[in-house]
Number of protein chains: 2
Amino acid sequence: MTYEDRLFAALADPTRRGIFERLGERRRSVAELARAVPVSQPAISQHLKVLKEARLVRDEAVGARRIYSIDPAGLGQLRQWLDRFWREQLAAFESAVEAERRE
Amino acid sequence: MTYEDRLFAALADPTRRGIFERLGERRRSVAELARAVPVSQPAISQHLKVLKEARLVRDEAVGARRIYSIDPAGLGQLRQWLDRFWREQLAAFESAVEAERRE
DNA sequence: TATCTTCATAAGTCATGGCTTATTATAAGC
DNA sequence: GCTTATAATAAGCCATGACTTATGAAGATA
C-alpha cells in the first residue's frame with residue numbers, strides 16, 4: 001500500500017474526516033475528540049492511527065494525555081497530487097486542441 | 001451520503017484512481033480501459049459509475065461505445081475543500097499565536 | 001500504595017464494497 | 001436478418017474495515 005493510497009483511504013471515511021476537520025480548528029486530546037464525536041474512545045484511537053499513518057496528524061504526549069494536531073505533510077501530498085493532475089490534464093487538453101487544429 | 005463523501009470515497013480506491021488518471025491523459029471507451037486495467041469489463045463499468053456519481057467523470061455515447069472523460073466539477077470540489085481547510089487552519093494557527101502573545 | 005484518568009490494543013461482529021461470471025440490451029457490419 | 005462488439009446490470013463471493021466491549025499500561029492524585 002503506497003503512501004498515496006493511505007492518504008486517500010484516510011480521508012475517505014466521513015467520521016475520520018470529521019475528526020480531522022476538528023483538529024483543523026485546534027489541537028485536541030483523544031478524550032476531547034471522543035466527547036465531540038459520537039463513537040467510542042477506542043474507535044477514535046483507531047481513526048487517529050490511520051490518520052497518523054497517512055501523515056495527516058501528529059501526536060504529542062502531555063502527561064497521561066496525547067494531544068493530536070494537524071500534520072501539514074499529508075495535505076501537502078494531496079495538493080501535489082491535485083496540482084500534478086491538473087497540469088497533466090491541461091497539457092492533454094492543449095495537445096488535443098493542437099491535434100484538432102492540424103486536421 | 002453527501003456529495004463530498006462520494007467524492008472522497010470515489011478517489012479512495014486505487015484501481016478507480018488509476019482509471020481516473022488514465023482518463024486524465026485522454027478520453028477512452030470502456031473497452032479501452034478494460035484492456036489497460038487488470039480487471040474485468042463489468043468491474044470497469046462499476047468503477048465508472050462511482051466516478052460519475054462523484055462528478056469526476058462524464059460519458060458520451062458514440063455508436064455502441066461509451067466514451068468517458070474527465071469532468072472537472074469533482075476536482076473543483078476537491079480543491080475547494082482543500083483550500084477552505086487550509087484557510088481555516090491558517091486562521092486557527094494565527095489565533096493560537098495571538099493567544100500566546102497575550103499571555 | 002491505591003485509585004482514577006487517559007489512551008492503546010485485542011478480539012469479535014457486521015455491513016460495505018470490489019471482484020467475478022452470467023446475462024441482457026443496443027448498435028455495427030457482413 | 002444474423003452475428004459480433006460494446007457496455008450495463010444482476011447475483012453471489014469474499015476480504016476489508018468500522019464499530020463494539022473488554023482489558024492492560026502508564027501517568028496523575030490522594
Side-chain angles (χ1 to χ4, degrees), chain A residues 1-23 26-71 74, chain B residues 1-23 26-71 74:
Chain A
M1 203 195 211
T2 71
Y3 178 19
E4 197 176 273
D5 287 348
R6 251 186 278 272
L7 178 63
F8 280 101
L11 290 172
D13 182 70
T15 302
R16 205 150 46 219
R17 221 164 46 244
I19 292 173
F20 183 65
E21 288 173 3
R22 279 173 193 281
L23 290 179
R26 59 180 166 79
R27 59 217 325 264
R28 290 179 206 258
S29 71
V30 177
E32 271 182 292
L33 289 169
R35 256 174 265 126
V37 179
V39 296
S40 66
Q41 173 267 311
I44 299 285
S45 285
Q46 288 158 19
H47 283 308
L48 287 170
K49 186 178 185 180
V50 174
L51 289 170
K52 187 178 172 183
E53 282 167 358
R55 303 213 196 147
L56 284 164
V57 302
R58 313 162 183 260
D59 62 334
E60 176 192 352
V62 175
R65 306 190 180 182
R66 215 136 244 285
I67 308 298
Y68 281 82
S69 57
I70 297 291
D71 181 351
Chain B
M1 202 196 211
T2 72
Y3 177 20
E4 197 176 275
D5 287 347
R6 251 186 280 271
L7 178 63
F8 280 101
L11 290 173
D13 181 71
T15 302
R16 203 148 50 219
R17 222 164 45 243
I19 292 173
F20 183 64
E21 288 174 3
R22 279 174 193 280
L23 290 179
R26 59 180 167 79
R27 59 216 327 263
R28 290 177 207 256
S29 70
V30 177
E32 273 182 290
L33 289 169
R35 256 175 265 124
V37 179
V39 294
S40 66
Q41 172 267 312
I44 298 285
S45 285
Q46 288 158 18
H47 283 308
L48 287 170
K49 186 177 186 180
V50 175
L51 288 170
K52 188 178 173 182
E53 283 168 358
R55 304 216 195 142
L56 285 164
V57 144
R58 309 165 183 264
D59 62 334
E60 176 193 351
V62 175
R65 306 189 181 183
R66 213 137 247 284
I67 308 298
Y68 281 82
S69 56
I70 297 292
D71 181 351

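Below, chains carry the letters A, B, ... as their sequence lines are ordered, and counting in each starts from 1.
Atom C1' of nucleotide C:dG17 and atom CD of B:Glu53 are separated by 13 Å, given to the nearest angstrom. For A:Leu33 and C:dT5, the CG to C1' distance is 16 Å, given to the nearest whole Å.
Taking only side-chain nitrogens and oxygens, A:Ser40 comes nearer than 4.0 Å to OP1 or OP2 of D:dT20. Proximity of B:Thr15 to the phosphate of C:dG18: no side-chain N or O atom is located under 4.0 Å from OP1 or OP2.
Taking for each of A:His47 and A:Val62 the nucleotide of DNA chain D with the nearest heavy atom, the 5'-most of the two is the partner of A:His47.
Salt-bridge annotation for A:Arg22 and A:Glu32: absent, with no side-chain N of the basic residue lying under 4.0 Å from a carboxylate O of the acidic one.
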Residues 35-42 of chain A side chain polar contacts: donor-acceptor under 3.5 Å, at least two apart:
{"from": "A:Ser40", "atom 1": "OG", "to": "A:Ala43", "atom 2": "N", "distance (Å)": "3.4"}
{"from": "A:Gln41", "atom 1": "NE2", "to": "A:Ser45", "atom 2": "OG", "distance (Å)": "3.1"}

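The ring pair (Phe, Tyr, Trp, His ring centres under 6.0 Å) pairs that include a residue from residues 4-23 of chain A are A:Phe8-A:Trp81, A:Phe20-B:Phe85, where partners are two or more places apart or lie in different chains.
In this view, B:Asp13 satisfies the side-chain hydrogen bond (donor to acceptor under 3.5 Å, both in side chains) rule with no residue, not counting sequence neighbours. Qualifying side-chain hydrogen bond (donor to acceptor under 3.5 Å, both in side chains) partners for A:Arg65, counting only residues two or more places apart in sequence or in other chains: none. For A:Arg6, there are no side-chain hydrogen bond (donor to acceptor under 3.5 Å, both in side chains) partners, not counting sequence neighbours.
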Nucleic acid footprint by protein, nucleotides 1-17 of chain D - heavy-atom cut-off 4.0 Å, B for base, S for sugar-phosphate alone: -----SBBBB-------
